[in-house]
Structure formats: C-alpha cells, structure tokens
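Have a look at the structure below, then the notes.
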Amino acid sequence: MRIGLLTGGGDCPGLNAVIRAVVVAGDVRYGDRCVGFLDGWLGAIEGRTIELDPDRCRGILSRGGTILGSSRTNPFATPDGPDRVMATIEDLSLDAVVAIGGDDTLGVAAGLADRGLAVVGVPKTIDNDLPGTEVTFGFDTAVQIVTDAIDRLQTTAESHHRVMVCEVMGRNVGHIATHAGIAGGAAEILVPEVPFSIDEVCERLRRRHQRGRYFSTVVVAEGALPEDGEDLVAAQAARSPAAGTDQFGHARLGGIGNFLAFEIERRTGFETRATVLGHIQRGGTPTAYDRVLATRFGAEALAALHDGDSGVMVALVAGQIERLPLSEARGTPKTVDRHLLDDVAAAYLG
Ligand code: F6P
C-alpha cells in the first residue's frame, strides 16, 4: 500500500511514536511505502510532502513534537480545499491516509471519508477531551509536567508563605488540572466544568491559614471561569492581541491565572503569585505510557487500513484498542469525572 500520514492541530508528545509505528510496521510487515504531508492538512492542500521510511524514523520514538510539522488548517474553510486535498492524494497515488489529530483534524478526515477517501484516524491531544477513547496520548506527559511544576511551586510557596496560582491548559475541560492537582496535592482545583466563586475560594484559603497551613497552591484550568465570569472573558478578548478564532472556531484561552492571583491577594491579603505553564505542557519527551499508547494506536491504524476499514478511528476502550466511527471524535467533549473532583480531590481539599 502507499499510505499518507499527517499530524494536525496542537502538537503533543507521542505523535512521532505513531508515525514510527505506521512506517516501520508497514515496511516490515506489509512492504508499505509511506509519505508524510507537512504541516497537517495544509501540506495536503499544497502538495508539500516528504518520503517516510524506517531510516527517517530512527530515534524519533522519544522525541516530542512531530517530524511532519502541524497546523490548524481546515480544508473545509475554503471552497476548493477538499478538492485540492483529494487531488494531492490522487497525484501521489496514495491508497489511504492516516490522520493523527484531535476533534478538528479527525472531523476533516470524516468529511473526506464521505467524499470517498480511505482514511483512518488516530486521536491525540494533551487535553484528553476526545470522546470515544478513554485516554489520548500526550495527556499523561502533560499531567506529569504539571505535577512536577506543582511540586516545585509547593516548596517555594512554603518558604514564602504564599499562595501560588498555576494556570494549566485543557481548553474547555479540566482533565489536566484535576489529575495534576490531585497528584501534586493542590489546595484548590478549578475547572471549566464547575464555575467557581472567588469569595468561596478565598474563604477556603483563609481557613487553611487558620489551621496553620500558611501556603497554598491553586491549580486553575485555562478555561475555568468564576460564576460571574462573563465580563472577564469579554474583557480579555478585547485586550488580547490574539482576539479572534482559528479556522475551526476556537478562541485562544488564557489569563485566568493572573486575574485570579490578583483577586486572591486583593481579597485575602495573602501574598500571591501566578505561574502560567503554557506550551511547556506540550513539549519534550513523551512518558513511557504515552509512547506505548501511541505505538498501539499506530499499529492498529495500520491493521485497520489493511483490513480495508475506512472512516474509523482507533480508540482505547476498557484497556483494549478498538475501532470506532470517525464521527465519534466530533461528539460532546469528554468532561472530568465528577467523582474525582467531588470525592477524591475533596477528600483532602478545603
Ligand atoms: O488543544 C491543545 C491545546 O494545547 C489546548 O490545551 C490549548 O488551549 C491550545 O491547544 C493552545 O493552542 P496553540 O498552540 O494554538 O496556542
């Protein structure tokens, strides 16, 4: 088979492990030849590609990012985009495509499958919000990075008797905040799924101080909002040079950490600092868990292509790798298990 691969959307650790699995297993087991589109769907539109063979994949298993580059390009945002992608695939005589990405990238793949493209999706995102799969690779690495950061914030918070607010990624869900907050023993975990009251957060921090805990770490997801937070969003959007959305309609989030740190200090009098971890959470070496999951996904995507399956995505379901319709990726985002917040985290918070 001649197989095209691409990585789309925000990068995450583990992408190279998927590429390697498809290219190397394809070569060894089936004699496949692979081509990589550069910069996601943009390379497919513009016909920018590189040949991929096992030599090209040497040493990439442990490398973060993606050797193919990525972008948030949506071929369906322009009238001739989908036709140009299909024309590139025909020019290259490709039999099928493996699209590695989040809901946007896989949504495009589903649209092209409807036009007759043989395509299998591989779900990725540090946010872990993709429906259908229990976990996406990249998430475990991000949680480990944030946990390490919280550990470091705890010691300096303790030295200076400060409140440390740590803003983390996750878009409109709080998986990273919740898992890293529990792992790091944060005093507060604030997520988009549960609008919070700043006054109540301040009250809980005061009570901690009264109990002799003179420092606290507050983990806040970038999409979390106070109960009366609509004004905050509007104000941030107006101020931000990043105002506007990408080709899939996503606004750029961020800013809640600094806002919250300011409000906590103003309302409690406790010295407070904010740390915004940003893209550090997406960079660098994948954890062993993410390397294994990404490799399993890649191997299954290849098997699906050779079984003649198309319009499917691979997914982790009850610990096993399964194939689901690509449309699953466009379902309602997976939100935080409330049991984790209400029972597990709450068991020692407050
Ligand atoms: O979806 C992954 C993610 O890292 C989100 O957590 C974050 O909101 C967004 O991407 C950041 O996107 P960009 O890299 O375009 O700034």
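Each ligand, and each atom within it, is numbered from 1 in the order the structure gives.
- When all heavy atoms of Thr88 and Gly47 are compared, the closest pair comes out as CG2-CA, 3.7 Å.
- The ring pair (Phe, Tyr, Trp, His ring centres under 6.0 Å) test with Phe270 is passed by exactly one of His161, His160, His209: His209.
- The nearest pair of heavy atoms linking Ile50 to Leu68 is CD1-CD2, 3.9 Å.
- When the options Glu271, Gln154, Met164 are evaluated for a side chain to side chain contact (heavy atoms under 4.5 Å, CB included) with Phe215, the one that passes is Gln154.
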Between ligand 1 and the protein, give all atom pairs where both partners are nitrogen or oxygen and the distance is under 3.5 Å, as lines of names plus distance to 0.1 Å.
from: ligand 1; atom 1: 1 (O); to: Asp127; atom 2: OD2; distance (Å): 2.7
from: ligand 1; atom 1: 4 (O); to: Arg282; atom 2: NH1; distance (Å): 2.9
from: ligand 1; atom 1: 6 (O); to: Asp127; atom 2: OD1; distance (Å): 2.7
from: ligand 1; atom 1: 6 (O); to: Gly170; atom 2: N; distance (Å): 3.2
from: ligand 1; atom 1: 6 (O); to: Glu222; atom 2: OE2; distance (Å): 3.3
from: ligand 1; atom 1: 8 (O); to: Glu222; atom 2: OE1; distance (Å): 3.4
from: ligand 1; atom 1: 8 (O); to: Glu222; atom 2: OE2; distance (Å): 2.5
from: ligand 1; atom 1: 10 (O); to: Arg72; atom 2: NH2; distance (Å): 3.1
from: ligand 1; atom 1: 10 (O); to: Arg282; atom 2: NH1; distance (Å): 3.1
from: ligand 1; atom 1: 12 (O); to: Arg72; atom 2: NH2; distance (Å): 2.8
from: ligand 1; atom 1: 14 (O); to: His279; atom 2: NE2; distance (Å): 3.0
from: ligand 1; atom 1: 14 (O); to: Arg282; atom 2: NH1; distance (Å): 2.8
from: ligand 1; atom 1: 14 (O); to: Arg282; atom 2: NH2; distance (Å): 3.0
from: ligand 1; atom 1: 15 (O); to: Arg72; atom 2: NE; distance (Å): 3.2
from: ligand 1; atom 1: 15 (O); to: Arg72; atom 2: NH2; distance (Å): 3.4
from: ligand 1; atom 1: 16 (O); to: His279; atom 2: NE2; distance (Å): 3.0

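- Under the side chain to side chain contact (heavy atoms under 4.5 Å, CB included) rule, Phe196 has a single partner from Leu260, Val191, Ile189, which is Leu260.
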Run the numbers on His250 and Asp104 for side-chain hydrogen bond (donor to acceptor under 3.5 Å, both in side chains), then give the verdict. CA-CA 10 Å; His250 301 299; Asp104 299 326; 2.8 Å; yes
